[in-house]
Amino acid sequence: MRLTDEQNAVVKHPGSACVVACAGAGKTATLVEYAKARPDSRILYIVYNRSASIEATAKFKRQGLNHVRVETAHSLAYREMISGKGFHIHASGNLKPQDVLEWYETLPKFSNELDKLIFARHVVSLVNLFCNSREQRVHHIDYVKAVKEPSAKYFANRYLDNIEDAAESILQRMWDGILPITHDAYLKKFQLQSPVLPYTHVLTDEGQDSNPCWLDVFLRQPAIRVIVGDSHQSIYGYRGAIDSLSMVDFP
């Protein structure tokens with residue numbers, strides 16, 4: 001493959017880097033060449049979903065680059081934290097309001113069923129916010145600030161202690177294997193243990209769609225780190241993804 005000057009700059013760069021490249025610029029092809037240039041390295045390549053993982057794995061295998069391991073953030077966390085350890089994955093993969101009503105035993109005394117459901121929805125929202133954040137504790141999330149609609153904000157402020165308690169209780173029982181664990185909960189469990197991964201290089205593709213939880217793991221690694229993406233292509237903001245390219249100080 002004949003590389004452009006920009007691609008050569010990435011391949012030859014000796015340390016951590018942030019690579020900004022638009023759609024069709026050959027990001028994956030560049031990272032294949034990056035791996036070729038480092039045959040004695042142990043490289044972890046993180047992609048954003050399963051289909052991208054399958055495609056990237058095939059590309060590296062075709063080049064005989066067996067020193068590269070391709071994962072999503074969730075598949076990596078699953079292998080490290082869940083696989084073979086007796087956990088049960090939530091049937092839908094994500095926490096639901098009905099789960100909160102069934103699993104949290106100390107609900108406030110609401111006068112009607114609608115308020116119970118509203119409470120449960122707030123708990124789900126807080127759990128999702130926390131699991132997709134870099135924060136270490138549920139109460140570190142400014143949940144009331146995150147709620148936009150005035151009546152919902154009033155409700156959240158009134159019952160904030162209960163909402164936080166329910167979120168912490170449910171997550172802890174997931175992490176202890178008592179309740180079925182969601183995908184975001186085991187990724188959060190992984191991040192909270194501050195893992196040091198056994199790789200010399202950690203590459204994150206489509207970095208504009210990394211959530212703060214994975215970004216925290218990535219930035220804490222002692223390895224050489226390369227994050228690649230395009231801020232204009234973000235599609236996972238609704239799941240807590242941020243433009244991680246703007247959050248790193250790599251050249």
Side-chain angles (χ1 to χ4, degrees), residues 16 44-50 53 69 71-96 99-100 103-104 122-146 156 160-199 202-204 206-207 209-223 225 227 236-244 247-249:
S16 296
L44 174 66
Y45 179 34
I46 296 291
V47 295
Y48 64 101
N49 64 26
R50 186 171 181 272
S53 175
R69 177 176 172 184
E71 297 275 8
T72 66
H74 283 88
S75 69
L76 177 66
Y78 180 87
R79 292 179 197 275
E80 297 291 332
M81 308 302 300
I82 302 300
S83 182
K85 295 180 173 63
F87 286 88
H88 297 283
I89 302 300
H90 193 291
S92 72
N94 300 300
L95 186 67
K96 305 294 183 185
D99 299 325
V100 175
W103 294 342
Y104 185 59
H122 278 293
V123 174
V124 170
S125 294
L126 177 54
V127 167
N128 289 339
L129 278 173
F130 176 64
C131 286
N132 285 287
S133 77
R134 63 180 297 173
E135 303 297 345
Q136 298 290 307
R137 296 292 301 274
V138 167
H139 70 268
H140 293 165
I141 299 289
D142 189 346
Y143 180 64
V144 175
K145 183 179 179 180
L160 181 60
D161 288 347
N162 305 94
I163 292 168
E164 290 180 342
D165 182 72
E168 288 182 335
S169 172
I170 288 170
L171 278 169
Q172 190 60 58
R173 284 184 288 161
M174 284 184 182
W175 294 334
D176 291 341
I178 298 169
L179 295 175
I181 194 167
T182 63
H183 298 299
D184 285 346
Y186 65 69
L187 178 58
K188 188 65 180 180
K189 179 180 174 72
F190 183 57
Q191 178 243 349
L192 290 175
Q193 297 202 359
S194 301
V196 176
L197 304 172
Y199 299 95
V202 180
L203 317 180
T204 292
E206 303 298 346
D209 282 319
S210 292
N211 67 32
C213 181
W214 166 251
L215 184 63
D216 185 64
V217 175
F218 174 73
L219 292 178
R220 288 174 181 271
Q221 298 310 304
R225 293 147 294 161
I227 186 166
Y236 287 126
Y238 70 96
R239 283 189 48 77
I242 56 172
D243 180 11
S244 298
M247 304 292 288
V248 299
D249 59 358

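Heavy-atom minimum distance, A167 versus V123: N-CG1, 3.9 Å. Nearest approach of N132 to P212, heavy atoms of both residues: O-CD, 2.9 Å. For R50 against T72, the heavy-atom pair with the smallest separation is N-CG2, 3.9 Å. Residues L215 and V248 come closest through the heavy atom pair CD1-CG1, 4.2 Å. Here the closest non-hydrogen pair linking T182 and G93 is CB-O, 3.3 Å. When all heavy atoms are compared, the tightest approach of L187 to A73 is CD1-O, 3.7 Å.
The closest donor-acceptor contact from the side chain of R137 to the backbone of E135 lies at 3.5 Å or more, if one exists at all. With Q191 contributing its side chain and R134 its backbone, the two residues share a donor-acceptor pair below 3.5 Å. Proximity of a side-chain donor or acceptor of W214 to a complementary backbone N or O of H74 within less than 3.5 Å is not detected. Here the side chain of R225 pairs a donor or acceptor atom with the backbone of L219 at under 3.5 angstrom.
Of the residues listed (F87, Y186, F190), the one engaging Y78 in a ring-ring contact (aromatic ring centres under 6.0 Å, His included) is Y186, and it is the only one.
Using bins of under 30°, 30° to 60° and over 60° for the plane-to-plane angle, the ring pair F130/W175 lands in the tilted bin.
By the side chain to side chain donor-acceptor pair (under 3.5 Å) test, E71 is found to be paired with R69, S75, R79, residues two or more places apart in sequence or in another chain being considered.
For the residue pair D165/Y104, the side-chain donor-acceptor check at 3.5 Å is satisfied.
Put simply, the side chain of N211 does not reach to within 4.5 Å of the side chain of C131, judged on heavy atoms. A heavy-atom distance below 4.5 Å is not found between the side chains of E80 and Q193. Using a 4.5 Å heavy-atom cutoff, the side chains of Q221 and Y199 are not in contact. Side-chain contact between E164 and L126 is present, with heavy atoms from C-beta onward closer than 4.5 Å.
Note: D99 CG to S92 OG = 6.5 Å, rounded to the nearest 0.5 Å. Between I46 atom CD1 and L203 atom CG the span is 9.0 Å, to the nearest 0.5 Å.
Between D184 and K188 there is no salt bridge, since no side-chain N of the basic residue sits under 4.0 Å from a carboxylate O of the acidic one.
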